[in-house]
Structure formats: structure tokens, C-alpha cells
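Some notes on the structure that comes next.
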Amino acid sequence: MKSVLTTSLALILSFGASTAVLHAQSSKDGAITPKLLEELRQSEPKSSTEKALHNAIAVQGMQDFFINNQRPRSIEDKFSIEVQSSGITDQKQSGRCWLFTGLNVLRAQLMTREKSGTFFFSQNYSFFWDQLEKSNLFLEGIIETRKLPINDAKVEWLFKNPINDGGQFTGISDNLYKYGVVPAEIMPETASSSNTKLLGKMLARTLRQTGIQLRKASEKGESLAQLRKRKEEGLKKVYRLLSLNLGVPPTSFTYTLKDKDGKVISTETYTPQSFYERFVGADLRGQFVMLMNDPSRPYYKVYEIEYDRHAYDGKNWTYVNLPMDEIKQMAIASLKDNTMMYYSCDVGRELDRSQGIAALDNYDYASLLGYPFDMDKAERIQTFDSGSTHAMTLKAVDLDASGKPVKWKVENSWGEKTGVKGHIIMTDAWFDAYTFRLVVNKKYATQKVLDLLKTKPVQLPAWDPMFAPDAP
């Protein structure tokens, strides 16, 4: 009995000591103390309405309670300036919005120029080469950084980000010029192009394994030529993965282009490169300028992001940071000349996806939570709360009597059943708050922008969070 009492007393004393330690820890300045915890409890409303709200949200979540029922239920799909297009694409379960957007810009130009019926380029064909080129870019990055420690920030970034299916405009300009394009019928979508998750995982594992083998071979003293031979063996594995999942890209094909009434315009045999020359023609690499609105950084400067390109022999993404009013000026000039643009934004913010309306008053957070979300754009960027997430095709603007924009319209790549028949309409206030990138032809750029492009860019690291690829 004495032994049991002694043990029990020891446990009680031990528990008391532990509790004392916890109290000592919670009394540290800045910690959550019992007093503060009680204040937090008392701050919660106690009304019967609050209890009902708790019950409702527990069952169905918060989303429906954020909807602002006082907002306009729809926005008129009427624009003073609109570039006409036909057909809506669907990227499905992939991050290829950047590719769909770039090709949508080009297909609209083709249909107008050729007076053809609805036409689509093959996203799958261009995606195949994009993934192969990105694989080579990663492996060359591993070779370039082989002398750096494995925990160096650049080496870590490479192994964390060996490949992805997201991207930006240089993936269009570099890829198409090198590999050409083909119509959608020539290399159609596959299960893996429409749902890229597993393919992406297998590519990443293959590249990481090849990458670590390259580092080990370098440590053993292999020459650059020997390392590149190893890299080429790794690329053969990547090519096999891609061909199994996406198909083998054609080297030549015969295609008949038809007008909107189904009458034949032409029937010819092409290579992907000759099809590009015939129906795109221009070297896109030097024809366009990327504009950015990032108020967290100085305006009127040119920035370049290291490794932010789609091919080893491609060009790093370079952009000019400008106020929104100046970006809008160039966007309107392009639309007035019947030219769509590559556009990207933080698409999920304040978006009524079913209605296809992006407006700052779509949701009322303050009424439910008791406080607003009122950070400005610069603060949202600085705190990682907002950034560019999705690319679409800017095709319309509605101007008021004084020439100022009221709303904008983009062609999306989520299928024709989403939004406004596959489009999203954005209020001008939303456009200001969540627009980040716009690619315009240099002929619509202001002289100020053209002069800035002659200056030396400020180089930013590849892991800068503002420059994640457009993906959803």
C-alpha cells in the first residue's frame, strides 16, 4: 500500500510540476495566456442568431454566406469594342492555361485573316515540346550548378521545381518558332494531356533521379561532355514518357482548311514548321512586350526572372512594370485594332464562376466575419496574399462616353459551359485590383515603354513568389 501511495503522490507532484511549467511558458510575453484566452472567448457573440449561424456554417460551410445578394445578378454582355472569335477551348484538369491563351490569340488572327470557319491549334502538340524543353532546361540547370552545395538556394529551387505544366508567354514565342504548330485534328488531346497530374509526377521523378546522377558523376570528375551524354540518356527517358502519354508528334501531314460554310479554302501537305510559316508567319520572340502591374516594386523599370523560360536556348521572361492606367491605354489600342492579347490575373478572387462575373462586390465578407479584407494591391503582393494565377485572352472593353473603361471581357479555357458562354466579364475596379500581366504587340506600346526596353533589366531570382507560372 505504501508503494502505491508513494507512486500516486509522485504522479500528482509530476502533474503539478508539468502544469506549473505550462503556466510558466504561457506567462511569457507574447504568448496566449489564460487571461487572453478568456478575453477571446468573451469576444464571441452569444445571441441566438449567432448560434443559428454556427449551426448553418457547420453544415454547409461559409461560401454561401459570403455572397452579396445586393450586388447586380448579371452584367450586360455588350461591349463598345470587341474582337470577334469563334469556339471555346477547355484545358480540363491541366495547368496549360498559358498555352491555350497564346494559341487562342493566334487562332483568332488566323480565322480573321483566312476567313475560315472555327479553327483550333493542337495544344497537345505544343505541350509535348514544352515538356521536353523544360526537362532539358532543368537538367542543364543541374549541370550549371553542379559545383554548388546540394542545399544552395538555387540548387534547392531546381530540385523542388524540376518541371510543371504552367507557364507564360515565352513558352508560346520560343516553342512555336522552333517546333511549329499543327491543327488540333492532327494531334488531338489524350487522357494525359487533359489530366496532367500523374504524367507531371513521373516526369519530375525521372528528372530528379537524372539530376542527382549528374551531380554524383560530376563529383567523380566527369567532364562537361560526359555529363551532357548522361543528360541525353535522361532525355530519352523523358521522350518515352511523353510519347506514351501524349502521342508521337507528326513530322508532316495533309490538312484541308475550310470557310465558315464548310467550303474548301485549301488542301496542302505541311510540316509543323511550314504550317507555322503559312498561318502564323511572324517571329513572335521579338514582336511582343510583357507588361506587369506590381505596385510593390518601382514602376518604369524592366525586370528579368532567372530560369523563367521554357527552353534552355530560350529567353528569360522580361517585363516592364507600369501603372494600370498606362497598361489599359495599350490594351485599348490593341482591341481597337482588332487584336486580342495574352492576359493573366488572380482569377479566383471575387469571381462568381457560375455567372462569369468578376467584381469587387460579389462577396460580403465583413457582414459575416465582422471585419473587412482591405489590404491594397501592394500589400496583398507583399504578404503573398495575391499574385497572377491564370492566363486568358483579353478580347473586349466597354468604354463610357468619356472613353474610360467600364468593364472588360476575356475568353477563358474552362469550356463553353462556364461563365458567360466560356467568357468572364470583369468590372474595371476588379481589373485594377487583380490584373497582373498583359502581353501586347510592340506596335501598340508607348514610346516610353520602347525606351525602357533598351535599359538593362533588374534580375530577380527564379523563386521570387510573384512570378509563379500561370497554371489553373
Side-chain angles (χ1 to χ4, degrees), residues 91-96 98-100 103 121-146 158-167 170-172 174-218 222 224-253 270-273 275-276 307 309-314 469 471:
Q91 68 189 79
K92 298 186 178 178
Q93 303 301 309
S94 75
R96 299 173 294 158
W98 59 275
L99 179 55
F100 279 68
L103 291 176
F121 287 109
S122 169
Q123 293 89 7
N124 188 30
Y125 173 82
S126 298
F127 183 57
F128 184 105
W129 299 119
D130 174 73
Q131 296 295 280
L132 184 66
E133 286 285 359
K134 282 179 180 172
S135 297
N136 185 57
L137 174 63
F138 165 77
L139 294 175
E140 282 294 333
I142 294 299
I143 292 173
E144 286 179 349
T145 59
R146 64 191 182 277
L158 285 165
F159 276 111
K160 286 179 180 177
N161 303 275
I163 197 166
N164 58 65
D165 60 356
T170 63
I172 301 295
D174 289 336
N175 182 316
L176 271 56
Y177 190 78
K178 188 171 185 178
Y179 293 102
V181 288
V182 304
E185 301 93 319
I186 301 303
M187 190 168 174
E189 293 288 293
T190 67
S192 292
S193 69
S194 296
N195 188 336
T196 56
K197 186 175 182 179
L198 181 56
L199 173 59
K201 284 185 176 179
M202 296 305 294
L203 286 170
R205 290 183 69 183
T206 300
L207 290 171
R208 288 180 176 125
Q209 179 169 283
T210 305
I212 204 70
Q213 290 169 352
L214 286 170
R215 286 183 62 89
K216 288 180 177 179
S218 174
E222 286 194 13
L224 180 59
Q226 290 172 313
L227 292 176
R228 287 224 165 100
K229 279 290 182 184
R230 285 183 177 272
K231 181 202 76 170
E232 289 166 10
E233 290 303 310
L235 287 177
K236 290 176 183 177
K237 298 171 185 175
V238 169
Y239 191 95
R240 174 159 173 74
L241 255 176
L242 293 174
S243 63
L244 285 170
N245 284 273
L246 305 179
V248 178
T251 56
S252 66
F253 57 93
Y270 303 92
T271 66
Q273 289 80 5
F275 196 82
Y276 176 88
Y307 283 116
R309 59 191 190 273
H310 287 237
Y312 182 66
D313 54 348

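Small disclaimer: the values here were computed from a predicted structure and weren't measured. Values below: all heavy atoms of this structure, side chains included; hydrogens, waters and symmetry mates excluded.
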* To do: Taking the side chain as every heavy atom from C-beta outward, state whether N175 and E133 have any pair of such atoms under 4.5 Å apart.
  => no
* Under 3.5 Å, side chain of S243 to main-chain N/O of R240, donor-acceptor pair present? -> yes
* To do: Compare all side-chain heavy atoms of E222 with those of R230 and state whether any distance is below 4.5 angstrom.
  => yes
* To do: Please name all residues satisfying ring-ring contact (aromatic ring centres under 6.0 Å, His included) with F100, sequence neighbours left out, ordered by chain then number.
  => none
* N136: partners by side-chain contact (heavy atoms from CB on, under 4.5 Å), with sequence neighbours left out -> E140, K231, L235, Y312
* **Those residues that, when tested against L158, pass side-chain contact (heavy atoms from CB on, under 4.5 Å) (two or more places apart)** => F138, I142, T145
* Asked: Excluding sequence neighbours, so at least two apart, what forms ring-ring contact (aromatic ring centres under 6.0 Å, His included) with Y179?
  -> W129
* **Spacing of E232 atom CD and T210 atom OG1 [to the nearest 0.5 Å]** => 12.5 Å
* **Donor-acceptor pair, side chain of T190 and main chain of N245, under 3.5 angstrom** => yes
* CG of L241 to CZ of R205: how many Å apart, nearest 0.5 Å? -> 11.0 Å
* Would H310 and D174 count as having a side-chain donor-acceptor pair, cut-off 3.5 Å? -> no
* Structure fact -> For I212 and Q209 the tightest heavy-atom approach is CG2-O, 3.3 Å
* Are the ring centres of Y239 and F128 closer than 6.0 Å? -> yes
* **For the student: nearest non-hydrogen atoms of S192 and L246, plus distance** => C-CD2, 4.2 Å
* Heavy atoms only: give me the nearest L99-S126 pair and the separation to one decimal. => CD1-CB, 3.7 Å
* Within a strict 4.5 Å, meaning less than it, do heavy atoms of the V182 and P250 side chains meet? -> yes
* Could you walk me through whether L207 and V238 pass the side-chain contact (heavy atoms from CB on, under 4.5 Å) test, one step at a time? => CA-CA 8 Å; L207 290 171; V238 169; 3.9 Å; yes
* To do: Any chance you could lay out the side-chain contact (heavy atoms from CB on, under 4.5 Å) test for E233 and K236, step after step, and finish with the verdict?
  => CA-CA 5 Å; E233 290 303 310; K236 290 176 183 177; 3.0 Å; yes
* Minimum heavy-atom separation for S122 to L103, with atom names? -> O-CD1, 4.0 Å
* Output yes when a side-chain donor or acceptor of S194 lies under 3.5 Å from a complementary backbone atom of A191, and no otherwise. => no
* With a 4.5 Å limit on heavy-atom distance, are the side chains of Y125 and P272 in contact? -> yes
* To do: State whether the side chain of R96 and the backbone N or O of S193 hold a donor-acceptor pair below 3.5 Å, judged by distance alone.
  => yes
* Residues two or more places apart in sequence or in another chain: which of them pass side-chain contact (heavy atoms from CB on, under 4.5 Å) with A204? -> P162, I163, R208
* Measure across M187 and G247 and return the closest heavy-atom pair with its distance rounded to 0.1 Å. => CE-O, 3.5 Å
* **With sequence neighbours excluded, residues passing salt bridge (charged side-chain N to carboxylate O under 4.0 Å, His left out) with D165** => none
* Between Y307 and E144, does any side-chain donor sit less than 3.5 Å from a side-chain acceptor? -> yes
* Assess whether ring pair (Phe, Tyr, Trp, His ring centres under 6.0 Å) is satisfied between Y276 and Y270, documenting all intermediate values. => CA-CA 9 Å; Y276 176 88; Y270 303 92; over 10 Å; no
* Asked: So, do K197 and Q93 sit near enough that their side-chain heavy atoms are less than 4.5 Å apart?
  -> no
* Sole candidate of K237, K134, Q131 that passes side-chain contact (heavy atoms from CB on, under 4.5 Å) when paired with L203 -> Q131
* Measure the shortest side-chain to side-chain distance between R215 and F159 over non-hydrogen atoms and say whether it is less than 4.5 angstrom. => yes
* Structure fact -> In terms of heavy-atom contacts, W98 and I172 come closest through O-CD1, 3.8 Å
